Amino acid sequence: ISASALSDAVPANVAQPPGIPAQAVDGEPDARCRGSMCRMGRWTTRDIPDHAGRVAVVTGANSGLGKAVAIDLARRGAKVILACRRGIPEAGEDVARDSGSRDVGMLHVDLADLDSVAAFTEALPDRVDILVGNAGLMPASPQRSLQGYDVMFAVHYLANHLIVARLLARGVLRPRG
């Protein structure tokens, strides 16, 4: 995508932070580039800091993007807890092997079942520094959760909301400041 096409597609009321030169997705500077499709330079995984001593929880970490995130966090020193419905213990063993970390744990959670989510939050340690809500699903036909909600709504929204709300209420998840 060109910088001019990008800036033409972004509303004029979306401002670039003052004093920071805008760059388009292709890396070419463009003063007209605004919005979420613009970057303040090239970002790579080298920009991810060390996470030694931090506790990370990743939902849906038994495969795909969640597993890749868990491996990278573990490589960077975080204690990683994989929150999965299936793939226990194989996914945890894979993450430990691929990251070279022994500080990888797993907890079972079915995000379509809010009772399972509540139990999961109680099983977490007293501190969580990083929470990656990655899990998702796309059923071929409409389904209902055990509590009667559309299963996609339960997994994609309600479960994540419940996890965050319960961890904040317990003081387990604290905003950095």
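If you're wondering where the values come from, they're calculated on a predicted model, not measured in any experiment. Counting from 1, the numbers follow the sequence of the chain as shown.
- Across all their heavy atoms, Gly136 and Val155 have their closest contact at CA-CG1, 4.1 Å.
- Nearest heavy-atom pair across Ala135 and Leu111 is CB-CD1, 3.4 Å.
- Other residues, nucleotides and ligands contribute at most 12 non-hydrogen atoms within 6.0 Å of the CG atom of Asp126.
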query = Does the side chain to side chain contact (heavy atoms under 4.5 Å, CB included) test come out yes or no for Val80 and Leu82, once each step is laid out?
reply = CA-CA 6 Å; Val80 179; Leu82 286 68; 3.8 Å; yes

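- For the pair Val164 and Leu131, the minimum side-chain heavy-atom distance is below 4.5 Å.
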query = Does the pair Met152 and Met138 meet the rule for a side chain to side chain contact (heavy atoms under 4.5 Å, CB included), with working shown?
reply = CA-CA 7 Å; Met152 284 181 39; Met138 180 66 188; 3.6 Å; yes

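- Using a 4.5 Å heavy-atom cutoff, the side chains of Leu73 and Ser99 are not in contact.
- One hydrophobic cluster, built from ILVMFWY side chains closer than 4.5 Å, cannot hold both Ile88 and Val117; they sit in different ones.
- Residue Val55 forms a side-chain contact (heavy atoms from CB on, under 4.5 Å) with just one option from Asp129, Leu173, Ile130, and that option is Asp129.
- Rounded to the nearest 0.5 Å, atoms CG (Leu162) and OH (Tyr157) are 11.0 Å apart.
- For the pair Gln147/Ser145, a side-chain contact is recorded, criterion being any heavy-atom separation below 4.5 Å from C-beta on.
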task = Go through Arg76 and Arg54 one step at a time and tell me if the side chain to side chain contact (heavy atoms under 4.5 Å, CB included) criterion holds.
result = CA-CA 10 Å; Arg76 294 174 192 283; Arg54 300 180 89 193; over 6 Å; no

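- A distance of 7.5 Å separates NE2 of His51 from CG of Asp72, quoted to the nearest 0.5 Å.
- Between Arg86 atom CZ and Asp110 atom CG the span is 9.5 Å, to the nearest 0.5 Å.
- Proximity of Val58 to Ile81: side-chain heavy atoms (C-beta onward) are nowhere separated by under 4.5 Å.
- Side-chain atoms of Val69 and Leu65, non-hydrogen and from C-beta on, do get closer than 4.5 Å to each other.
- Within the 4.5 Å cutoff, the side chain of Val132 has no heavy atoms near those of the Val57 side chain.
- Val104 pairs in a side-chain contact (heavy atoms from CB on, under 4.5 Å) with only one of the listed residues (Asp98, Asp94, Val95), which is Val95.
- Contact of the Leu137 side chain with the Val151 side chain is registered, since non-hydrogen atoms from C-beta on lie closer than 4.5 Å.
- In this structure, a donor-acceptor pair under 3.5 Å is absent between the side chains of Asp150 and Gln143.
- Rounding to the nearest 0.5 angstrom, the gap separating the CZ atom in Arg85 from the NE2 atom in His108 is 8.0 Å.
- Using a 4.5 Å cut-off between side-chain heavy atoms of Ile, Leu, Val, Met, Phe, Trp and Tyr, with links allowed through other members, Leu124 and Leu114 fall into the same hydrophobic cluster.
- The CZ atom of Arg75 sits 10.5 Å away from atom CD1 of Ile48, with the distance rounded to the nearest 0.5 Å.
- Put simply, CG on Leu168 and CZ on Arg170 are 11.0 Å apart, with the number rounded to the nearest 0.5 Å.
- Side-chain contact between Cys84 and Met106 is present, with at least one heavy-atom pair separated by less than 4.5 Å.
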